[in-house]
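Below is one structure, written out as structure tokens, with a few remarks after it.
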Amino acid sequence: MKTDIEIANAASLKCIDEVAGRIGIKEEELYHYGIFMAKVEPKKGDKAKIVLVTAINPTPAGEGKTTVSIGLADALRIKEKKVALALREPSLGPVFGIKGGAAGGGYAQVAPMEDINLHFTGDFHAITTANNLLSAMIDNHIYWGNSLKIKKVLWRRCMDMNDRALRNIVAGLGYNTREDGFDITAASEIMAICALSADMEDLKTRLSRIIAAEDESGKYITAKDLKASDAMAVILKDAIKPNIVQTLENTPAFVHCGPFANIAHGCNSITATRTAMHYADIVVTEAGFGADLGAEKFLDIKCRIAGITPSAVVIVATLKALKCMGGAKKEDFAKPSETALKKGLPNLLKHIENIKTVYNLPCVVALNRFETDQIQELDLLKAECQKAGAKVILTDVWAKGGQGGLELADEVLNLIEQKSQLHFSYDLNEPVDIKIKNIAVKIYGAKGIQFLPKAQKSLEKIKGSEFEKFPICIAKTQYSLSDNPALVGRPENFDITVRDILIRAGAGFLVALAGDIMLMPGLGRVPVAEKISMDEKGAIKGLF
């Protein structure tokens, strides 16, 4: 069986001018990065229908959300629809960590996969540099007299790699010694700002609002106060433009920005989505991790800010993953077990319930099929999902590309013609603690919320300020509906514990830190990096 990278290398890619031209992008609107990649002049389209692809909570068995997104777009193109993809960029942290590459799989990939998974067009580097320029200017200001009377530095440095040693460091030795730390670039507020900015002017405004520090009286000091925001915008002048690549079947794909969904808002950029909506009639996009994280943030944060609404939602699952959710061991994922399936199935049913009853959107379950799947288990799944109001469509896009997603495409085309009105899970005018509680109770199924003393202090400081009406971005484990990764399936009678609430004034949301979630991941015991190599001909191996 060929590996993903071998399949990608054997594909017949088209010049990006030809791929972009299929949806009406002119050559002069492209900024080329070689033959197969380009940046696009952003547009503010609103004519296309959006299909959001999300999933159950991730498991070691794998679900295939990005793969289904790509295969669905290819299937819609086979059906002669004017379609485009809108995906996130991979982070080098997971690429070299546990997950490996993030460009789809099998015959449903975006390409050139090596470039997309590695340095791509340099967006992550630009975001990292802009983030760390602000850090350098904070410390430089303190060193040269501290006229703004900075007492507490709130801004952290970042890098695009999993490195637990940088979570907590001592910085400023000799002039402003303090405890500090790094976040991964995907969790940087600059990443969120790039993803949520409507255009360059909006980017500049958001950068200027970043809270960098506090002075001796507790007043916030911004990037504008430090005269850093304009230089940061200059660094990001190209990174703000969406990237366009292609699937292995030559469907146009906008791949831009990459905030994680467990520690950030988990969606590709508004500029990429809007640009895709300008040129295509249907835009297939995905949100990170499970629907409790990525889909919730797509709907409650991105849709509010961008003023967009998906016409249909696809929830991805596999029988293996559902049995894993039900407590099956890795060696038993492929074995028949209605007991494990019945225990894991409620996780999927909760996500269906959220999409249909909380957000009021039509949805379909895309089940990635394996040869080991049992008919009786499929029948059980279909029956339970039918009771919840969602049809189950079997897909095989990993092995067959777009041809394996034609039935799913038919159901999506049916759903996007249905009338629906997006409802949010909370009102922006509600107090911050109530907004957080609404997400926890409605979306996660929690009993309630516990705010630790630090979070309570943050709530008091936010109360009555302009930040009180910000949307909420909860940072929690992706592996459970709760904030405890060990509670798989559909846990009950649990509380969500909020450690602190961070103000992201530039991004325009509040981050509630729940459970033990970290903003800087670490590498696993055996990271993927140990298996990645390049031969004498320059061919890369081990990315997948």
Side-chain angles (χ1 to χ4, degrees), residues 130-158 167-183 187-193 196 202-233 264 428-436 451-475 498-514 519-520:
N131 183 105
N132 294 341
L133 171 63
L134 179 55
S135 290
M137 292 186 73
I138 293 168
D139 279 302
N140 189 61
H141 179 88
I142 295 169
Y143 181 83
W144 290 108
N146 197 12
S147 62
L148 290 173
K149 301 187 183 303
I150 293 174
K151 183 178 181 180
K152 185 178 182 181
V153 176
L154 301 175
W155 188 253
R156 288 162 63 94
R157 287 168 170 82
C158 74
R167 288 173 183 164
N168 300 289
I169 65 169
V170 176
L173 292 174
Y175 66 96
N176 181 35
T177 303
R178 65 184 187 277
E179 292 186 4
D180 208 328
F182 279 67
D183 296 335
S188 165
E189 186 176 356
I190 307 295
M191 177 65 79
I193 287 171
L196 294 171
D202 189 26
L203 176 76
K204 290 179 180 179
T205 300
R206 289 175 179 274
L207 290 172
S208 71
R209 297 198 309 244
I210 289 172
I211 295 172
E214 289 181 1
D215 68 11
E216 294 172 351
S217 67
K219 178 185 175 184
Y220 291 131
I221 295 167
T222 66
K224 183 178 180 180
D225 295 330
L226 288 157
K227 300 178 182 178
S229 54
D230 282 351
M232 294 162 70
L428 288 180
N429 293 315
E430 292 173 327
V432 173
D433 59 333
I434 299 301
K435 288 187 279 195
I436 295 172
F451 291 98
L452 298 185
K454 195 172 183 180
Q456 291 174 350
K457 187 175 180 181
S458 296
L459 282 172
E460 286 300 314
K461 190 163 188 177
I462 293 166
K463 191 174 182 179
S465 72
E466 62 185 295
F467 311 123
E468 194 169 22
K469 293 189 177 182
F470 277 5
I472 304 299
C473 180
I474 296 183
V498 177
R499 302 192 333 260
D500 198 5
I501 300 168
L502 311 177
I503 300 170
R504 299 295 190 231
F509 56 63
L510 302 175
V511 177
L513 299 176
L519 301 185
M520 169 57 83

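Start at 1 with the first residue, then count along the sequence. This structure is a prediction, so every number in the text was calculated from the model and none was measured.
- A search for ring pair (Phe, Tyr, Trp, His ring centres under 6.0 Å) contacts involving F451 returns nothing, not counting sequence neighbours.
- Within the structure, the salt bridge (Lys or Arg N to Asp or Glu O under 4.0 Å) test picks out the following pairs touching residues 135-147 (sequence neighbours left out): D139-R157, D139-R178.
- Using a 4.5 Å heavy-atom threshold, the side chains of N176 and N146 count as separate.
- Scanning all heavy atoms of the two residues, the minimum distance from I472 to I474 falls at CG2-CG1, 3.8 Å.
- When every heavy atom of S229 is checked against every heavy atom of K224, the shortest pair comes out as OG-CA, 4.0 Å.
- Separating the CD1 atom in I190 from the CD1 atom in I193 is a distance of 4.5 Å, to the nearest 0.5 Å.
- Atom CD of E214 is separated from atom NZ of K151 by 9.5 Å, given to the nearest 0.5 angstrom.
- Taking each heavy atom of F467 and A505 in turn, the nearest pair found is CE2-CB, 3.8 Å.
- Remark: of the listed residues L452, V498, L519, L519 is the sole one forming a side chain to side chain contact (heavy atoms under 4.5 Å, CB included) with L513.
- For the atom pair I501 CD1 and L510 CG, the distance stands at 7.0 Å (nearest 0.5 Å).
- Contacts of D215 classified as side-chain hydrogen bond (donor to acceptor under 3.5 Å, both in side chains), with partners at least two apart in sequence or in another chain: S217.
- Separating the NZ atom in K435 from the NZ atom in K469 is a distance of 9.0 Å, to the nearest 0.5 Å.
- Between the CZ atom in F182 and the OG atom in S135 there is a gap of 7.5 Å [rounded to 0.5 Å].
- Screening I211, D180, N131 against W155 for a side chain to side chain contact (heavy atoms under 4.5 Å, CB included) leaves a single residue, N131.
- Remark: Y220 engages no residue in a ring pair (Phe, Tyr, Trp, His ring centres under 6.0 Å) (not counting sequence neighbours).
- Checked by atom type, the side-chain pair D202/T205 shows no donor-acceptor distance below 3.5 Å.
- Under the salt bridge (Lys or Arg N to Asp or Glu O under 4.0 Å) criterion, R156 pairs with D183, sequence neighbours left out.
- Between I138 and A212, the shortest heavy-atom contact is CD1-CB, 3.7 Å.
- Remark: D433 CG to E468 CD distance equals 9.0 Å, nearest 0.5 Å.
- Heavy atoms from other residues, nucleotides or ligands lying under 6.0 Å from NZ of K152 number 12 at most.
- In this structure, R209 does not pair ionically with E466, as no charged nitrogen and carboxylate oxygen lie closer than 4.0 Å.
- A187 and A264 make their closest contact through CA-CB, 4.4 Å (heavy atoms, listed as atom of the first residue, atom of the second, distance).
- The closest donor-acceptor contact from the side chain of H141 to the backbone of L226 lies at 3.5 Å or more, if one exists at all.
- A donor-acceptor distance shorter than 3.5 angstrom exists from the side chain of E189 to the backbone of G506, with no hydrogens or angles considered.
- With sequence neighbours excluded, the residues forming a ring pair (Phe, Tyr, Trp, His ring centres under 6.0 Å) with F509 are H265, listed by chain and number.
- Annotation for A512 and I436: closest pair CB-CD1, 3.9 Å, computed over non-hydrogen atoms.
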Quick one: do D225 and T222 satisfy side chain to side chain donor-acceptor pair (under 3.5 Å)? Show the steps, please. CA-CA 5 Å; D225 295 330; T222 66; 3.2 Å; yes
